[in-house]
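Take a look at the structure below.
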Amino acid sequence: MYDPTRLAALVAVAEAGSITRAAARLGYTAPALSQQLAKLEREAGAALLVRHHRGARLTAAGELLAGRARRVLDELDQARHELARLAGLSGGRLRVGTFTTAGIHLLPPVLSAFRRAHPEVELAVADYEPPGGIAAVVAGEVDLALTHAYEPATAGPPPVGVLVEPLLVEELVLVTSVGHRLSEGTGRLPVGELAGRPLISSAPTHPPRRGVERALAEAGATPAVVCESPGYALVCALVSAGLGVAVVPEMVASMATAPLSVRRLEPASFRRTISVVHRGDRSTAAAATLLALLRGGFGRGSTAPSANRPSAG
């Protein structure tokens, strides 16, 4: 049986004519989408794409499967719509909390799928810098929220009445200006190599980042520039301008608009986990439906694809 997510990826490439453009449309990185397509090719037992310098085109097998996939996906959308009516999702309002990176790069395709299935439900999206989204769910300001936590860090249990469910785990990586000496080589860079290097510190007073900043300080990395905002767009711009190096999540590095070089770190225990906060069995029908879409889109605790692929906090 073919995975609908992979079928949607194939259809997107057929329509966009490029893996890169299809990935942007779906909210994935190009390497992540390529991985999904490679799995689909293994399932199909045939080559589905031919890559060329201007993008990608479907093979005869790819065209056949994409045509069938469109009909399958249309049927699934219709089934979701009809089931929603049975479940009382023919109206009402769904309030979603998010943080900037997820709001820009992860949430839109999921909300788009929700809207296609349930056009009568009014959507409201609010921005909460973690851990603010958790408090917003507890207070009833939103029905569910995307949040994140960093490692190394000390995280306490979630408040009573809410669940924090991991969706995606990504490593933290080193970003430097293009051509920087630390960007040379293909292996992992020991964190100790950052000792004495000018570091752009990403909001050291920001609770989710404190453990990371402490670990970097113990490795000898001293801040040269301190960004008081937890957003990463400014960090990446300063790195690109040669004012220092920074340790940021893979997604931030791969989707930054400023030119950067990226290198993985050793140890690989510097990570960020993106989670969804919800009320479990007490969730509304609309929230439960969006939660199912989030699980289907990102999987439980799945690991983000590699760092040299295709920002903000």
Shared ILVMFWY cluster between [X] and [Y], side chains joined below 4.5 angstrom?
X: Ile134; Y: Val276; result: no
X: Leu163; Y: Val142; result: no
X: Leu167; Y: Leu94; result: yes

Next on the checklist: By the side-chain hydrogen bond (donor to acceptor under 3.5 Å, both in side chains) test, which pairs, at least two apart or in different chains, include something from residues 1-15?
Outcome noted: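 Only Asp3-Thr5, Arg6-Gln36, Arg6-Glu43, Glu15-Arg25 qualify under side-chain hydrogen bond (donor to acceptor under 3.5 Å, both in side chains).
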
Are [X] and [Y] side-chain neighbours, meaning at least one heavy-atom pair lies under 4.5 Å?
X: Ser275; Y: Leu146; value: no
X: Leu294; Y: Leu144; value: yes
X: Leu58; Y: Leu48; value: no
X: Thr101; Y: Leu106; value: no
X: Thr289; Y: Val121; value: no
X: Leu49; Y: Ile19; value: yes
X: Leu265; Y: Val173; value: no

Checklist entry - Can you list the other members of the hydrophobic cluster that holds Val226, where links are side-chain heavy atoms under 4.5 angstrom apart? => result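 When side chains under 4.5 Å apart are linked, Val226 ends up in no cluster with other residues.
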
Item to check | Member of Val248, Val225, Val252 meeting the side-chain contact (heavy atoms from CB on, under 4.5 Å) criterion with Val235 | outcome: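 Result for side-chain contact (heavy atoms from CB on, under 4.5 Å) with Val235: Val248.
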
Checklist entry - Taking Arg263 for the side chain and Glu184 for the main chain, is one N or O donor matched with an acceptor at less than 3.5 Å? => result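 Yes; judged by distance alone, with no hydrogens or angles, the pair exists.
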
Checklist entry - Under 3.5 Å, is there a donor-acceptor pair between the side chain of Arg271 and the main chain of Ala149? => result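 Judged by distance alone, no pair lies under 3.5 Å.
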
Checklist entry - What residues, two or more places apart in sequence or in another chain, satisfy side-chain hydrogen bond (donor to acceptor under 3.5 Å, both in side chains) together with Glu141? => result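 By the side-chain hydrogen bond (donor to acceptor under 3.5 Å, both in side chains) rule, Glu141 matches Tyr128.
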
Checklist entry - When rounded to the nearest 0.5 angstrom, what distance separates CG in Leu238 from SG in Cys227? => result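 Spacing of CG (Leu238) from SG (Cys227) equals 5.0 Å.
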
Checklist entry - How long is the span from the CG atom in Leu174 to the CZ atom in Arg197, to the nearest 0.5 Å? => result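 Between Leu174 CG and Arg197 CZ, I get 10.0 Å after rounding to 0.5 Å.
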
Checklist entry - Cut-off 3.5 Å, side chains only: do Ser201 and Glu213 have a donor facing an acceptor? => result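 The answer is yes; a qualifying pair exists.
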
Item to check | Sidechain N-carboxylate O distance under 4.0 Å for Arg272, Glu171 | outcome: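 No, Arg272 and Glu171 are not salt-bridged.
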
